[in-house]
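Scroll down for the structure; my scribbles are underneath it.
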Amino acid sequence: MKLFLDSADVNEIKKRLSSGLIAGITTNPTLIRKSGGNPQHVYQELIDLGINDISMEVIGDSEEELFSNAMGHVKTYGDKATIKLPCSVDGLKACKRLSDINVRTNVTLIFSASQAILASLAGATYISPFIGRMDDNSLDGMKLINDISNALTGDTKILAASIRDPQSVGAAFSLGAHICTVPVSVFDKMYKHVLTDKGIEQFNLD
Ligand code: G3P
């Protein structure tokens with residue numbers, strides 16, 4: 001069981017690292033754009049903070065382009081880089097080539113057990129089912145985690161992504177996720193319970 005932060009906001013990430021509970025970071029182009037930084041700066045700053053597992057999304061129109069962009073990241077960031085690839089024909093071909101040379105991969109935008117199976121057979125280190133986006137579209141994100149967990153037999157880890165609330169973290173782990181990646185707002189809420197606050201207040205009074 002591991003917890004990652006799903007963010008490219010280096011200042012916000014830094015504030016949570018002292019918890020000692022964060023094992024990695026997942027980013028995507030949208031998160032990087034929202035952070036106002038450029039990918040190279042964000043990745044380097046995260047490495048400087050001591051983060052050892054950073055999902056870096058690569059873009060490309062072909063297997064060759066995805067693979068070569070991935071190798072550029074591996075050259076620059078070494079084993080801190082987890083190469084995030086789309087679940088497409090070219091993305092999975094690039095994934096297989098990378099996994100054959102022991103580069104960590106994260107196949108993203110997974111919305112079905114079939115996609116998860118293909119990504120796992122392509123040697124993906126992680127697969128990222130997007131729970132929140134399933135639920136947004138009247139599909140059952142948690143059922144997907146359960147289905148994938150029942151189907152997979154290899155070493156691929158289920159990285160539950162697109163998580164919108166703390167309850168989903170508990171549910172995803174219970175149904176077989178190995179890792180949950182959460183926005184900082186969800187991480188903060190995971191500490192909280194109204195009865196904990198009430199109990200602390202009463203114990204302090206007493
Ligand atoms: O890790 C994937 C995540 O960033 C997507 O989240 O909230 O855009 O669906 P969301």
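We count ligands from 1, going down the list as the structure has it; atoms in each ligand are counted the same way. Along the sequence shown, residues carry numbers from 1. Only a predicted model underlies this, so the values are computations on that prediction, with no experimental measurement involved.
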query = Which one of Met134, Glu57, Arg133, Lys84 has a non-hydrogen atom at the shortest distance from atom 8 (O) of ligand 1?
reply = Arg133

query = Under the criterion side chain to side chain contact (heavy atoms under 4.5 Å, CB included), which of Cys87, Ser88, Pro129 is the partner of Gln115?
reply = Cys87

Subset of ligand 1 atoms that lie under 4.0 Å from at least one heavy atom of Ala161 = 1 (O), 2 (C)

remark   = So the atoms of ligand 1 within less than 4.0 Å of a heavy atom of Arg164 turn out to be 7 (O), 9 (O), 10 (P)

ask   = Does any donor atom in the side chain of Tyr43 or Asp48 lie under 3.5 Å from an acceptor atom in the other side chain?
value = no

Top protein contact for atom 6 (O) of ligand 1, by heavy-atom distance = Ser162 CA, 3.5 Å

request  = May I ask you to establish whether Arg16 and Phe187 are in a cation-pi arrangement, using a distance under 6.0 Å from NZ or CZ to the six-membered ring centre and at most 45° from the ring axis?
outcome  = no

key: Nearest protein heavy atom with distance in Å, relative to atom 4 (O) of ligand 1   = Asp6 OD2, 2.6 Å

note = Asn28 heavy atoms within 4.0 Å reach ligand 1 at atoms 3 (C), 4 (O)

ask   = Hey, does Thr76 have a side-chain heavy atom less than 4.5 Å from the side chain of Gln40?
value = no

task = Classify the contact between Thr30 and ligand 1 as side chain, backbone, both or neither, using a heavy-atom distance cut-off of under 4.0 Å.
result = neither

key: Nearest neighbour in protein (non-hydrogen) for atom 2 (C) of ligand 1   = Phe130 CZ, 3.3 Å

request  = Output all residues satisfying salt bridge (charged side-chain N to carboxylate O under 4.0 Å, His left out) with Asp140, sequence neighbours left out; order by chain, then residue number.
outcome  = none

message = Quick one, Phe4 and Val182 - any side-chain contact, counting heavy atoms below 4.5 Å?
response = no

